[in-house]
Every structure is written in structure tokens, then in C-alpha cells.
Amino acid sequence: MTYAFSAIITLEDNGYSVRFPDIDDCVTCGETMSEAVDMAEDALCLMLADKEECGDEIPEPSDIDDIKTEQNETIVLISCDTDKYRR
């Protein structure tokens with residue numbers, strides 16, 4: 001399956017943290033913005049592939065315009081293909 005979810009990337013003192021507002025406990029980080037996005041894709045695929053295998057419900061992604069951010073935060077759209085991830 002292919003999915004796309006919004007991630008909130010926060011500038012921290014030592015890099016970037018990433019969280020997915022629609023998926024509880026799906027968090028990661030990176031030293032650079034590029035690394036944080038790569039790590040976010042990996043974390044999202046891992047979490048969604050696990051949900052698929054367990055038969056857990058996968059939430060509908062929120063509309064990006066409905067997500068609130070702080071001054072040091074950026075929203076990015078992260079996509080993943082869980083079939084490709086499993087290979």
C-alpha cells in the first residue's frame with residue numbers, strides 16, 4: 001500500500017525531531033533536515049507495515065491545513081510504500 005502523512009519537523013538545539021500528528025508513538029530525528037526526512041520515511045513505513053501485519057486500523061491522514069505548528073516547526077508530507085518497504 002502507498003500512504004502519505006504529514007510530519008512535523010521541529011528544529012532542536014542538536015538537529016531535528018520528527019513526529020506524525022496522526023500516528024501515535026511514530027517519532028524519529030536527524031542531525032540535518034535531509035536526514036530527518038529520510039528517518040521519517042523509514043519510521044512511517046515501519047509503523048504502517050506493522051499495523052498492516054497486525055490488522056490494526058490505519059488512521060486517515062489529517063488535512064495539512066488543519067495542522068497547527070509553532071514558529072520552529074515545519075510540516076512536510078512523507079510518503080511510503082509498505083509493499084516496497086517489506087522487500
Side-chain angles (χ1 to χ4, degrees):
M1 260 332 259
T2 302
Y3 302 93
F5 280 87
S6 296
I8 298 174
I9 299 181
T10 305
L11 177 61
E12 307 286 353
D13 291 336
N14 58 350
Y16 298 85
S17 63
V18 184
R19 64 186 169 88
F20 291 87
D22 296 316
I23 304 174
D24 293 336
D25 300 326
C26 189
V27 296
T28 190
C29 61
E31 291 183 12
T32 65
M33 176 66 84
S34 178
E35 184 179 278
V37 169
D38 287 344
M39 296 296 289
E41 182 178 330
D42 189 56
L44 180 64
C45 283
L46 176 65
M47 183 70 76
L48 295 180
D50 185 60
K51 285 183 176 293
E52 287 176 351
E53 289 176 14
C54 292
D56 293 342
E57 182 178 342
I58 295 176
E60 287 293 317
S62 295
D63 186 311
I64 199 167
D65 294 327
D66 294 336
I67 299 172
K68 306 288 186 230
T69 60
E70 300 294 324
Q71 185 175 3
N72 63 336
E73 296 178 328
T74 302
I75 298 175
V76 296
L77 195 60
I78 303 293
S79 64
C80 80
D81 181 335
T82 53
D83 295 327
K84 183 178 175 183
Y85 183 77
R86 284 188 190 93
R87 288 184 238 142

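Heads up: numbering here begins at 1 and tracks the sequence.
Residues Tyr16 and Thr10 have side chains not in contact (no heavy-atom distance under 4.5 Å, counting atoms from C-beta outward). Under the 4.5 Å side-chain criterion, counting only non-hydrogen atoms from C-beta, Met47 is not in contact with Glu52. In this structure, the side chains of Thr2 and Cys80 stay at 4.5 Å or more apart for every pair of heavy atoms.
Through chains of ILVMFWY side-chain contacts below 4.5 Å, Tyr85 is grouped with Leu46.
Atom OG of Ser79 is separated from atom CZ of Phe5 by 11.5 Å, given to the nearest 0.5 angstrom. If you take CD1 on Ile9 and OG on Ser17, they are separated by 9.0 Å, rounding to the nearest 0.5 Å. Atom CG of Asp81 and atom OH of Tyr3 lie 9.5 Å apart (nearest 0.5 Å).
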Could you pull out all donor-acceptor pairs under 3.5 Å where a side-chain atom in residues 58-69 meets a protein atom, sequence neighbours excluded?
unit_1, atom_1, unit_2, atom_2, d
Ser62, OG, Asp22, OD1, 2.4
Ser62, OG, Asp22, OD2, 3.4
Asp63, OD1, Asp65, N, 2.8

Let me have the donor-acceptor pairs involving side chains of residues 26-39, under 3.5 Å, with sequence neighbours excluded, atom names and distances please.
unit_1, atom_1, unit_2, atom_2, d
Thr32, OG1, Glu35, N, 3.0
Glu35, OE2, Glu31, N, 2.7

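A donor-acceptor pair is defined here as one N or O able to donate and one able to accept, closer than 3.5 Å; such a pair exists between the side chain of Glu73 and the backbone of Glu70.
A 6.0 Å sphere centred on CD of Glu53 holds more than 12 heavy atoms belonging to other residues, nucleotides or ligands.
When all heavy atoms of Ala40 and Phe20 are compared, the closest pair comes out as O-CZ, 3.6 Å. Considering every non-hydrogen atom in both Ser6 and Ile75, the closest pair reads CB-CG2, 4.0 Å.
Under a hydrophobic-cluster definition in which Ile, Leu, Val, Met, Phe, Trp and Tyr are linked whenever side-chain heavy atoms come within less than 4.5 Å, directly or via other members, Val18 and Ile8 are assigned to different clusters.
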Set out, in order, the CA-CA distance, both residues' side-chain angles and the distance that settles side-chain contact (heavy atoms from CB on, under 4.5 Å) for Val76 and Ile78, then state yes or no.
CA-CA 6 Å; Val76 296; Ile78 303 293; 3.8 Å; yes
